[in-house]
There are 2 protein chains.
Amino acid sequence: MASIKDVAAEAGVSVATVSRVLNDHPSVSADARTRVLAAVESLGYRPNAVARSLRTDQTHTLGLVISDVLNPYFTELARSVEEEARALGYSVIIGNADERPDLQDHHVRNLLDRRIDGLLVSPTDGGSPLMLDAVRAGTPMVFVDRWIPGVDVPVVRADGRAAVRDLVAHLYGLGHRRVAIIAGPAATTTGRERVEVFREALQEHGLDLPEAYTGQGDFQAESGRRVTEGFLDLAEPPEVVFAADNLMALGALDAVRARGLRVPDDIALAAFDDIRWFVHTDPPVTAIAQPTGELGRAAVRALVDRIEGRPGESVTLPARLVVRRSCGESPSPVQRSTT
Amino acid sequence: MASIKDVAAEAGVSVATVSRVLNDHPSVSADARTRVLAAVESLGYRPNAVARSLRTDQTHTLGLVISDVLNPYFTELARSVEEEARALGYSVIIGNADERPDLQDHHVRNLLDRRIDGLLVSPTDGGSPLMLDAVRAGTPMVFVDRWIPGVDVPVVRADGRAAVRDLVAHLYGLGHRRVAIIAGPAATTTGRERVEVFREALQEHGLDLPEAYTGQGDFQAESGRRVTEGFLDLAEPPEVVFAADNLMALGALDAVRARGLRVPDDIALAAFDDIRWFVHTDPPVTAIAQPTGELGRAAVRALVDRIEGRPGESVTLPARLVVRRSCGESPSPVQRSTT
DNA sequence: TCCGTCGATGTAATCGATTCCACGAGCACT
DNA sequence: AGTGCTCGTGGAATCGATTACATCGACGGA
């Protein structure tokens with residue numbers, strides 16, 4: 001592959017001049033410029049990004065460590081992140097942690113070794129020493145969706161409080177009283193927070209969330225299935241199950257279907273995270289929708305701000321309830337969506 | 001960030017010795033080794049992958065350019081690719097072409113500029129000059145799922161011929177005679193091939209696939225919706241629609257639902273690519289399942305073989321039909337799956 | 001005419017690693 | 001004792017870019 005030296009030789013100038021043309025530095029003659037460009041063209045020269053990065057100490061690359069690629073919420077996030085980054089002149093390297101702290105660390109280490117300019121993370125756990133070190137060392141970082149409390153890093157996330165309150169009101173209005181949750185890992189902020197917010201909202205209606213009705217999941221489908229099985233095995237199963245993410249809701253559907261039961265007649269279901277498929281499931285699933293694309297874009301903007309020396313602020317956007325049929329038919333015509 | 005020089009100074013040896021320890025070269029004394037390792041530890045030193053790549057001309061990185069991240073088939077593929085690559089000591093950089101040739105070229109160029117060791121592509125079109133140049137220049141490459149005919153690059157893919165034949169037999173057995181397809185872009189091999197195979201299978205039953213019943217889609221949901229609308233507007237709509245991928249099937253479901261019609265009573269539906277959600281859609285969708293994970297792993301193995309100087313062969317694995325309820329109830333108990 | 005300035009260019013240092021080559025010490029063999 | 005190993009080590013070149021600094025010619029003003 002042709003290097004800058006080959007171009008210089010072909011154009012009959014020095015490598016410095018070639019570099020100046022390529023980075024459109026002002027002081028280069030029109031004549032030299034055209035000769036260099038012709039040489040670039042004829043050799044099919046492309047600058048070596050590795051060499052450039054070594055010299056300039058910039059890779060124009062962002063690292064994105066997401067919790068689970070198989071989760072449509074995160075793939076949509078990844079997509080919007082890449083789009084916005086591209087618009088700002090950056091590329092993105094994605095690492096999939098698969099909800100495993102060790103894999104998360106593997107990817108963070110790998111990305112740091114590659115000297116990415118900044119890191120976007122939705123942490124799977126309470127904060128590995130590795131990540132804390134990176135923050136301390138001054139690596140530009142932004143948390144998205146989930147975060148690590150007590151670390152001075154901007155957080156871009158959705159606030160589900162109002163939507164969860166709407167959901168509980170909806171459930172209450174349909175007559176449901178025995179309500180259960182499939183929680184995410186307690187090591188994650190979203191894992192804890194969604195349970196707390198849900199419990200508070202229930203209390204406002206005088207309902208509580210007993211131990212037996214809080215199942216511990218890990219945000220992946222299999223755990224949703226397992227926890228739901230447990231609920232169905234209880235002497236008095238819940239009337240509704242709220243899954244803290246879409247994959248655990250999928251697992252819950254699996255469990256219900258495996259027993260030959262029906263949603264919502266035998267047991268109702270709601271989920272955090274709305275995805276396109278929920279419109280077409282049997283029945284369509286009531287869910288809390290996050291402004292996923294906007295979150296991804298805001299996170300990139302915050303990170304690039306940090307990288308380029310501007311402040312880079314936290315952003316919180318509201319989530320909203322999308323009512324469908326999985327919790328039962330509304331007696332009154334409340335807001336109903338089919339999209 | 002500490003460099004190899006800092007480590008050398010701290011350990012009281014030369015950079016050459018540090019490098020030897022790090023790459024466990026045999027001829028280095030036990031004493032020097034322990035001093036170096038201690039220095040590495042105390043400085044928290046991590047080798048700069050950028051510098052290393054520049055010197056060795058290896059990045060230990062594979063590029064993966066996929067057609068659409070929002071397609072669960074491709075995210076599953078991406079996941080298995082990353083897993084296998086990691087096992088073999090490589091990282092993966094994913095580029096999402098979003099079914100757009102220009103974006104595909106953008107990513108290919110970006111990856112080549114980064115001097116990735118090899119490229120895994122499922123091309124969105126018939127072959128951009130850029131990609132052909134890369135092949136000619138000797139970049140190790142492997143096509144996965146889709147390929148470009150006439151280019152000497154290993155192809156790892158599923159053969160859907162038998163499964164499509166099974167599908168047609170199934171449809172025929174259920175009494176369907178007016179059969180339509182939502183095709184993928186003619187510029188892609190899978191786009192063309194699935195139509196041809198389907199048409200051939202129909203002919204074996206004496207059925208044909210008229211022009212009006214072959215809709216042109218682009219593998220994305222919106223096109224599936226649009227084409228299905230067209231079918232439903234016909235004076236004599238088809239009895240079955242076969243979508244050439246899962247996203248177009250989703251779009252078809254959208255169209256059917258928007259008219260207040262039901263699958264399979266008003267119109268039956270089948271899809272290429274099976275995904276978890278198809279079990280829970282209303283109704284569960286009959287689909288052709290590819291061995292996605294195995295394809296991803298085989299593709300990585302073939303690519304790494306090429307990179308490391310071994311042959312690296314094409315692989316074709318069979319797809320299989322998974323019958324569910326979206327084409328109507330089987331009169332006879334044929335193979336039926338609920339998973 | 002001379003000097004200062006400016007524009008265009010080249011030389012060489014530099015980034016952080018790897019690796020070829022040279023060198024000295026220690027040891028075995030003759 | 002001299003020769004020829006091997007082993008451990010350091011010096012320095014190298015990868016492909018960017019960029020500080022030096023140089024040189026032209027030109028304008030005094």
Side-chain angles (χ1 to χ4, degrees), chain A residues 1-40 43-61 89 109-117 137, chain B residues 1-40 43-61 89 109-117 137:
Chain A
M1 185 150 273
S3 84
I4 196 171
K5 274 189 198 151
D6 304 316
V7 176
E10 173 87 5
V13 297
S14 73
V15 294
T17 301
V18 175
S19 177
R20 288 194 190 95
V21 172
L22 264 34
N23 298 285
D24 44 37
H25 183 98
S27 104
V28 44
S29 69
D31 175 55
R33 161 164 283 112
T34 55
R35 291 219 311 284
V36 167
L37 292 178
V40 165
L43 294 173
Y45 168 77
R46 295 246 80 213
N48 183 327
V50 174
R52 189 192 293 241
S53 292
L54 176 61
R55 182 57 232 247
T56 60
D57 203 31
Q58 295 183 47
T59 49
H60 274 278
T61 303
R109 199 179 334 262
N110 184 265
L111 292 165
L112 292 175
D113 285 354
R114 288 165 181 274
R115 303 300 193 265
I116 43 121
D117 293 341
Chain B
M1 186 149 270
S3 85
I4 195 171
K5 274 190 199 150
D6 303 317
V7 175
E10 173 87 5
V13 297
S14 73
V15 295
T17 301
V18 175
S19 177
R20 288 194 191 96
V21 171
L22 264 33
N23 297 285
D24 44 39
H25 184 97
S27 99
V28 45
S29 69
D31 176 55
R33 161 164 282 112
T34 56
R35 291 218 312 283
V36 167
L37 292 178
V40 164
L43 294 174
Y45 168 77
R46 295 246 80 213
N48 183 327
V50 174
R52 188 192 294 241
S53 292
L54 176 60
R55 183 58 234 248
T56 60
D57 203 32
Q58 295 185 46
T59 49
H60 275 278
T61 303
R109 199 178 338 262
N110 184 265
L111 293 165
L112 292 174
D113 285 355
R114 290 167 179 273
R115 303 299 194 266
I116 44 121
D117 292 341

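Fair warning: this is a prediction, and the values are worked out from it, not measured in the lab.
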Do Val36(B) and Val40(B) pass the side-chain contact (heavy atoms from CB on, under 4.5 Å) test, and can you show the C-alpha distance, the side-chain angles, and the key distance before you say yes or no?
CA-CA 6 Å; Val36(B) 167; Val40(B) 164; 4.2 Å; yes
Taking all heavy atoms of [X] and all of [Y], pick out the closest pair and write down the distance.
X         : Y        : value
Arg115(B) : Thr59(B) : O-OG1, 2.9 Å
Ala8(B)   : Val15(B) : CB-N, 3.7 Å
Asp113(A) : Arg46(B) : OD2-NH1, 2.6 Å

Measure CD/Gln58(B) against P/dA17(C) and give the value in whole Å, please.
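Interatomic distance, CD of Gln58(B) to P of dA17(C): 17 Å.
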Rounded to whole Å, how long is the line connecting atom CZ of Arg33(A) with atom P of dA8(C)?
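One finds 10 Å between P of dA8(C) and CZ of Arg33(A), rounded.
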Check this one for me: any side-chain N or O of Ser27(B) less than 4.0 Å away from OP1 or OP2 of dT6(D)?
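For dT6(D), neither OP1 nor OP2 has a side-chain N or O of Ser27(B) closer than 4.0 Å.
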Tell me whether the OP1 or OP2 atom of dG10(D) has a side-chain N or O from Ser14(B) closer than 4.0 Å.
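Affirmative; the distance criterion is met.
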Knowing that exactly one of Val18(A), Leu37(A), Thr17(A), Val21(A) qualifies, which makes a side-chain contact (heavy atoms from CB on, under 4.5 Å) with Val7(A)?
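Only match with Val7(A) under side-chain contact (heavy atoms from CB on, under 4.5 Å): Val18(A).
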Could you pull out all donor-acceptor pairs under 3.5 Å where a side-chain atom in residues 23-31 of chain B meets a protein atom, sequence neighbours excluded?
{"unit_1": "Asn23(B)", "atom_1": "ND2", "unit_2": "Ser19(B)", "atom_2": "O", "d": "2.7"}
{"unit_1": "Asn23(B)", "atom_1": "ND2", "unit_2": "Ser19(B)", "atom_2": "OG", "d": "3.4"}
{"unit_1": "Ser29(B)", "atom_1": "OG", "unit_2": "Ala32(B)", "atom_2": "N", "d": "3.1"}
{"unit_1": "Asp31(B)", "atom_1": "OD2", "unit_2": "Arg35(B)", "atom_2": "NH1", "d": "2.6"}

Quick one: bend of the helix from dT1(C)-dA30(D) to dT30(C)-dA1(D) from 5 pairs per end, to 10°?
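Terminal axis comparison yields 60°.
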Test side-chain contact (heavy atoms from CB on, under 4.5 Å) on Met1(B) and Asn48(B) and set out the steps.
CA-CA 9 Å; Met1(B) 186 149 270; Asn48(B) 183 327; over 6 Å; no
For nucleotides 16-21 of chain D, 5' to 3', base contacts (B), sugar-phosphate-only contacts (S) and non-contacts (-) with protein non-hydrogen atoms under 4.0 Å give BBBBB-
To the nearest 0.5 Å, how far apart are CG in Leu43(A) and CD1 in Ile4(A)?
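Leu43(A) CG to Ile4(A) CD1: 12.0 Å, rounded to 0.5 Å.
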